[in-house]
4 protein chains.
Amino acid sequence: MNKNRPKYKQIIEAAVEVIAENGYHASQVSKIAKKAGVADGTIYLYFKNKEDILISVFEEKMGQFINQITVSIQDKQDANKKLLELIQMHFTQLAENPQLAVVTQLELRQSNPELRLEINKVLKPYLTVIDSIIEEGMKEGVFRNSLNIPLVRQMIFGTLDETVTNWVMKERKYDLVKQAYEVHALLTEGLANS
Amino acid sequence: MNKNRPKYKQIIEAAVEVIAENGYHASQVSKIAKKAGVADGTIYLYFKNKEDILISVFEEKMGQFINQITVSIQDKQDANKKLLELIQMHFTQLAENPQLAVVTQLELRQSNPELRLEINKVLKPYLTVIDSIIEEGMKEGVFRNSLNIPLVRQMIFGTLDETVTNWVMKERKYDLVKQAYEVHALLTEGLANS
Amino acid sequence: MNKNRPKYKQIIEAAVEVIAENGYHASQVSKIAKKAGVADGTIYLYFKNKEDILISVFEEKMGQFINQITVSIQDKQDANKKLLELIQMHFTQLAENPQLAVVTQLELRQSNPELRLEINKVLKPYLTVIDSIIEEGMKEGVFRNSLNIPLVRQMIFGTLDETVTNWVMKERKYDLVKQAYEVHALLTEGLANS
Amino acid sequence: MNKNRPKYKQIIEAAVEVIAENGYHASQVSKIAKKAGVADGTIYLYFKNKEDILISVFEEKMGQFINQITVSIQDKQDANKKLLELIQMHFTQLAENPQLAVVTQLELRQSNPELRLEINKVLKPYLTVIDSIIEEGMKEGVFRNSLNIPLVRQMIFGTLDETVTNWVMKERKYDLVKQAYEVHALLTEGLANS
DNA sequence: GATGAATGAGGATTCATTCAT
DNA sequence: TATGAATGAATCCTCATTCAT
């Protein structure tokens, strides 16, 4: 149960690899155990059941993901720069962890509604970070002050998510990080020829 | 195999209902057969396998969905109005078919990557429609002429998709269609306080 | 679900054989299916689950067992002769079905409390038959009229059950049926040297 | 391995409690260890395996049970009074230890045939006591001298066992000890209206 | 002696698909 | 065409036992 025990982390890492390699439905507990170098039963000393492994994978990885972003945007001067940094960090981190990208963008979406609910809980802090950037931007006057925050958040998250999913499904054949500027420009300036 | 036979349509309709009611993983072939009023084996006279039913559901329903949108935007004057119409139609159609919305936004996403690949093929014409609006907009000068079309398409589709998913997950407690204008404004004008 | 289908009976018979041969805990569903000459899944067209097979075994076999006894004692003149007949039939039937004897006296007793409760329900009619013999005997004056019926029933059933179990555990090396007269004499006359 | 070590007895007592509380199949070694206040592995310093614990429970408890009865009947004048005393002690001891009654009458019967064979060995001395009472009774002339000893023993033991089991299954809602006289009368006088 | 983390074998059940009628 | 009884592969988890410390 101790999350600092080395085996806990071994199993989490093994789970990411196995899911990325075999896909969600072909990821048997025994495969994860084998890859982690432990016995099947050992898994259950650290995780309640299979679903708990998957949730934990998301918690651990997404937790780091969000932390990284939160830290990175801290010392940016204004909301606009924070948004750019968030986009860059979002793309960079997934580009650096292709396996994680496959797991989060494709495999984990096949999970059942209960698991997806848990995943949404984990995602919440990320959405909150986005919300606070929008709010800050409105206060600073760099964003319009009439923005509907949930809707804007859905636009930002939806755009990033779709962009990454597209990149994963195109087998990562182009440079995701390079698109950060352009995505940022689109989100802030819109399509219109002003 | 004739797609105009009444049983073909019966099975498609039954599948949508069963999936919406029971969720993806609890949608057994035998349930669909029962709801359609045919024997289990009859299903296999019209569909190759279970996956084929689900793809066909998407093809049929998405085909209608895209056709409606294509027709609706035809006589709109410029790309900007076409985009607004597309957003309104996208929202309107899903709001009018809550079962279909549940199936496309939540349940079918639990399917395996192979099925999702097929689903993407079906979506292709929709993405092409979006692309052509963007192109037209650039030609007309209502959109910037420097736009990266795939990226813009991903922003538009990602935003619409995330907005609808959010609405479904919030149990459709608010009016989706009313958000069309604001979504359109966000996409065209962006966040920036120009 | 139709109890008259040949496969239902095939599976019941196979279950008796498998349990008698392998013991209760080593009786996997797949073994029963194999012995019955059907696929594993076919079992579940006729039985809700494994426990249901076992209960059904008991119901079918015990039902026949009790019916035989009920018919046999019908035309006996008085309670005393009915009791003797019941003892003889009880011993005869189990002696003729050694596998069934092993299953009822040893294997099925290892079952969980829920199953044992069901088994008791099945046994109820047998106990009722014993009760009615006792009552009749009291009315006829062949038995004392002060008997405590439940207690007497427990003595009769306990004695028969223990006698059969002992015979099974001694590997059926002696003639069980031959003991019927003596058991009957003991039950009616008691130990005392009057 | 020393049976006088305090931990040996702790584990035996813990086992009785755990089995009575949780039932045979839910009595894991780890639960017994916890209740006994020792580590799982410690169990195996005192017992060969789980079955050995259960046999030891029976040996210890049944040993005391039989000793008590043996001592009690010693100074009774004749076989008839000894039999009555045996019945009274049998009922009294189980009535005073409801947990033990549950364990011996219900839970331990779920064990496998191998364990039940061991249990029978433990029961042997008790059956011998019964045998000697019968023999003595025949010599004294208080019992018929034509009795088939094993059969009579089976009647006596079967009746007591069934009576106690019935009492346990009726959730001990009536007074077991009060039935001793009547059971004794039935066994000695029989059913017949002489 | 004592610990407790680690081991790994073992089985009921579901459901997409087939095929004899 | 249509039926629906029959098929059989596939997997999570428990828990008695071990053994390095």
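To find a chain, count down the sequence lines: A is the first, B the second, and so on, and within it residues start at 1. Computed from a predicted model, the values in this text were never measured in an experiment.
To the nearest angstrom, C1' of E:dG1 lies 15 Å from CD1 of D:I43. Per the geometry, CG belonging to A:L45 stands 14 Å off P belonging to F:dC13, to the nearest Å. Atom pair D:Y24:OH and F:dC15:P shows a separation of 13 Å (rounding to whole Å applied). Atom CG in A:L54 sits roughly 10 Å away from atom P in F:dC12 (whole-Å rounding). To the nearest angstrom, P of F:dT14 lies 15 Å from CZ of A:F47. The distance between atom OH of A:Y46 and atom P of F:dC13, rounded to the nearest whole Å, is 18 Å. Atoms CG (D:N22) and P (F:dC15) sit 11 Å apart, rounded to a whole Å. The nearest whole Å value for the distance from the NZ atom in C:K34 to the P atom in F:dA6 is 20 Å.
Shown here are the side chain to side chain contact (heavy atoms under 4.5 Å, CB included) partners of D:T165, two or more places apart in sequence or in another chain: D:Q105, D:L106, D:R109, D:D161, D:M169. Every salt bridge (charged side-chain N to carboxylate O under 4.0 Å, His left out) that A:E21 has, sequence neighbours left out, goes to A:K35. The side-chain hydrogen bond (donor to acceptor under 3.5 Å, both in side chains) test applied to D:Q10 returns no partner, not counting sequence neighbours. Every residue meeting the side-chain hydrogen bond (donor to acceptor under 3.5 Å, both in side chains) condition with D:K121, not counting sequence neighbours, appears here in chain and number order: D:E118.
A:S27 and A:N22 get closest at one heavy-atom pair: OG-CB, 4.4 Å.
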Report the C-alpha separation of A:N97 and A:V16 in whole Å, then their side-chain angles, then the decisive distance to 0.1 Å, and conclude whether the side chain to side chain contact (heavy atoms under 4.5 Å, CB included) test is met. CA-CA 10 Å; A:N97 298 278; A:V16 174; over 6 Å; no
Hey, mind stepping through B:D52 and B:N49 against side chain to side chain contact (heavy atoms under 4.5 Å, CB included) and telling me if it holds? CA-CA 5 Å; B:D52 189 30; B:N49 51 33; 3.5 Å; yes
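Residues D:A39 and A:A39 both approach DNA chain E. Their nearest nucleotides, taken by heavy-atom distance, put D:A39 toward the 5′ side.
Under the 30°/60° scheme for interplanar angles, the aromatic rings of D:F65 and D:Y126 are found to stand perpendicular. Between A:Y8 and A:Y46, the ring-plane angle classifies as tilted under the 30° and 60° cut-offs.
Within the structure, a side-chain polar atom (N or O) of A:K7 is placed less than 4.0 Å from OP1 or OP2 of E:dA6.
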For each nucleotide in nucleotides 11-21 of chain E, reading 5' to 3', give B when a protein heavy atom comes within less than 4.0 Å of its base, S when such contact involves only the sugar-phosphate, and - otherwise. SSBBSSBB---
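Scanning DNA chain E for stems, defined as runs of 3 or more consecutive Watson-Crick or G-U wobble pairs whose donor-acceptor distances all fall under 3.5 Å, gives the following ranges: E:2-21 with F:2-21.
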